Amino acid sequence: MIIDIHSHVYVGTRVNFYPYSPFMSAKQCIEIMDKLGIDKSVILPLNNAETPCEPQSFGEIMEIMQRYPGRFIPFCCPDPRLPINPEKGDVDCYVNLLGKYKALGCKGVGELTARIPWDNPLMQFYLAACQLLELPVIFHTTTVDSNSYGLIDEIGLPKLEAVLKKFPKLKMIGHSAAFWSEISGDIKGLAEKNGYPAGKVVDGGAIPRLLRQCSNLFVDISAGSGLNALKRDEDFAYKFIEEFQDRIMFGLDICNAAQIPPHLDWLKNAKAGSHISEIAYEKIIWKNANRILNLELE
């Protein structure tokens, strides 16, 4: 069994706002999944205002699931700034909204990319609702100076740390360059935090520290950011995987059909070379997702 925790899939043509190639169609995604031996992929709708393409309706996701039964796992991602109830704006409004998606089969929330601080009051209501509904959250983070999307934080991830401690039962799944750069304790400025740092990982990184302190933090190794964090210092990566094998999930984050990142090959080679255990490998490629998303697969 292999589960891709991070996929963006559409019925057909999708207009992108930036000069990227179009995201995959469901047909293209299935072809890639079959080629790589991936059994299921999580569809993460891109619905926050800052994301680089047209919003995706949940109806479209349901249509994809009907066309390809058993191959996709649905997430939802309504924007936390939606005027659900401007007069009130408390947790109940978000519980009501997110609860409707959960009733339709959603297993989590994400990819959350709204360009607002973690401590924004609406964001706090939103996360409180996710905790109450037991909906894990996959998030993208960035910094205030970066012309990008994602929840705004600082070097050392202090705002994320506050969220993890305020909502200890909320499962948070980290992703993005500004997240994965924090695997090392020697970030040299905001440009490096939002980039793909090279070189040996230095002790004291926020990610290992928070994984040890906060049992509700998990990580998604998708995209160039996740792969760079593993490949920049493979000796560290092997130790990281063994220590946090219950908290790491495989994903690709393919943005177009011509792009097939080598994450799975890297993991297979690490296992074949006895750098990581068979047990850790199985957890990463599907068992952790199965447990965290309550999929009840065997």
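The shown structure was predicted, so the numbers you read here are calculated from the model rather than taken from an experiment.
At least one side-chain heavy atom of Tyr101 sits less than 4.5 Å from a side-chain heavy atom of Phe58. Contact of the Ser41 side chain with the Tyr68 side chain is not registered, since no non-hydrogen atoms from C-beta on lie closer than 4.5 Å. Ile221 has its side chain within reach of Leu267: a pair of non-hydrogen atoms, C-beta onward, lies under 4.5 Å apart. Two residues are said to be in side-chain contact when any heavy atoms from C-beta on lie closer than 4.5 Å; Lys165 and Cys214 meet this criterion. In this structure, Leu230 and Trp266 have side chains that are in contact, with non-hydrogen atoms separated by less than 4.5 Å. In this structure, Tyr10 and Met24 have side chains that are not in contact, with every pair of non-hydrogen atoms separated by 4.5 Å or more. Side-chain contact between Glu298 and Met1: absent, with no pair of heavy atoms (C-beta onward) separated by less than 4.5 Å.
In this structure, Leu127 is a member of the same hydrophobic cluster as Val95, with clusters built from ILVMFWY side-chain heavy atoms closer than 4.5 Å. Following chains of ILVMFWY side-chain contacts shorter than 4.5 Å, one cannot reach Ile155 starting from Ile183, and the two form parts of different hydrophobic clusters. The cluster map of Ile, Leu, Val, Met, Phe, Trp and Tyr, joined by side-chain heavy atoms under 4.5 Å apart, puts Leu97 and Ile138 in the same cluster. Linking ILVMFWY side-chain heavy atoms closer than 4.5 Å, directly or via other members, places Tyr238 and Ile248 in a single hydrophobic cluster. Cluster membership for Ile152 and Leu46, using ILVMFWY side-chain heavy atoms within less than 4.5 angstrom, is not shared.
Side-chain contact check for Gln245 and Lys283: at least one donor-acceptor pair (N or O, by modelled atom type) lies under 3.5 Å. In this model, no donor atom of one side chain and acceptor atom of the other lie less than 3.5 Å apart for Thr141 and Asp153. One side chain, Gln124 or Lys166, offers a donor N or O that lies under 3.5 Å from an acceptor on the other. Side-chain polar atoms of His8 and Glu111 form a donor-acceptor pair below 3.5 angstrom. Between the side chains of Ser181 and Asn194, no donor N or O sits under 3.5 Å from an acceptor N or O.
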Applying side chain to side chain contact (heavy atoms under 4.5 Å, CB included), run through Ile173 and Val137 and close with a yes or a no. CA-CA 6 Å; Ile173 304 166; Val137 174; over 6 Å; no

Given the rule in the salt bridge (Lys or Arg N to Asp or Glu O under 4.0 Å) test, do Glu31 and Lys35 qualify, once you have shown the distances and angles that lead to the verdict? CA-CA 6 Å; Glu31 290 170 354; Lys35 181 178 180 179; over 6 Å; no

For side chain to side chain contact (heavy atoms under 4.5 Å, CB included), just list the numbers for Ile285 and Ile3, CA-CA rounded to whole Å, side-chain angles, deciding distance to a tenth of an Å, and then say yes or no. CA-CA 6 Å; Ile285 64 167; Ile3 298 174; over 6 Å; no

Would you check, one step at a time, whether the test salt bridge (Lys or Arg N to Asp or Glu O under 4.0 Å) holds for Arg212 with Glu243? CA-CA 9 Å; Arg212 293 181 185 119; Glu243 180 176 359; 2.7 Å; yes

Set out, in order, the CA-CA distance, both residues' side-chain angles and the distance that settles side chain to side chain contact (heavy atoms under 4.5 Å, CB included) for Tyr281 and Lys268, then state yes or no. CA-CA 8 Å; Tyr281 174 81; Lys268 288 179 177 178; 3.4 Å; yes

Test Glu60 against Arg67 for salt bridge (Lys or Arg N to Asp or Glu O under 4.0 Å), laying out the working first. CA-CA 11 Å; Glu60 181 176 351; Arg67 289 189 188 186; over 6 Å; no

Can Val11 and Ser25 be said to form a side chain to side chain contact (heavy atoms under 4.5 Å, CB included), step by step? CA-CA 5 Å; Val11 168; Ser25 68; over 6 Å; no

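Around CD1 of Ile279, the count of heavy atoms belonging to other residues, nucleotides or ligands within 6.0 Å does not exceed 12. Other residues, nucleotides and ligands contribute more than 12 heavy atoms inside 6.0 Å of the CD atom of Glu278.
No donor-acceptor distance shorter than 3.5 angstrom exists from the side chain of Asn47 to the backbone of Ser57, with no hydrogens or angles considered. Arg232 places a side-chain N or O within donor-acceptor distance of the main-chain N or O of Gly199, the cut-off being under 3.5 Å. Asn228 places no side-chain N or O within 3.5 Å of a backbone atom of Gly224 that could act as its donor or acceptor partner. Checked by atom type and distance alone, the side chain of Tyr94 pairs as donor or acceptor with a backbone atom of Pro80 at under 3.5 Å. A donor-acceptor pair under 3.5 Å is absent between the side-chain atoms of Glu182 and the main chain of Gly205, judged by distance alone. Listed for the Asp220 side chain is no donor-acceptor partner under 3.5 Å among the backbone atoms of Gly174. Of the possible polar contacts, none joining the Asp253 side chain to the Ser222 backbone as a donor-acceptor pair under 3.5 Å is found. One N or O on the side chain of Arg291 and one on the backbone of Asp246 form a donor-acceptor pair closer than 3.5 Å. Using modelled atom types, no side-chain atom of Arg81 and backbone atom of Leu122 make a donor-acceptor pair closer than 3.5 Å. Between the Asn216 side chain and the Lys171 main chain, no donor and acceptor come within less than 3.5 Å of each other.
Considering CG of Leu264 and CD1 of Ile260, their distance stands at 11.0 Å, rounded to 0.5 Å. We find the CD1-CZ distance between Ile207 and Phe244 to be 10.0 Å, quoted to the nearest 0.5 Å. Note: Asp90 CG to Phe125 CZ = 6.0 Å, rounded to the nearest 0.5 Å.
A side-chain contact (heavy atoms from CB on, under 4.5 Å) with Leu98 is found for exactly one of Cys106, Cys77, Cys93, Cys76, namely Cys76. Results of the side-chain contact (heavy atoms from CB on, under 4.5 Å) test with Ser148 over Thr142, Thr113, Thr143 single out Thr142 as the only residue that passes.
Between Lys271 and Glu242 there is no salt bridge, since no side-chain nitrogen of the basic residue lies less than 4.0 Å from a carboxylate oxygen of the acidic one. Salt-bridge annotation for Glu161 and Arg209: present, with a side-chain N of the basic residue lying under 4.0 Å from a carboxylate O of the acidic one.
A cation-pi arrangement is present between Arg247 and Phe218, with the terminal nitrogen or guanidinium carbon under 6.0 Å from the aromatic centre and inside a 45° cone about the axis.
Among residues at least two apart or in separate chains, ring pair (Phe, Tyr, Trp, His ring centres under 6.0 Å) pairs with a member in residues 154-207 are His6-His175, Phe139-Phe179, His140-His175.
With sequence neighbours excluded, no residue satisfies salt bridge (charged side-chain N to carboxylate O under 4.0 Å, His left out) with Lys102.
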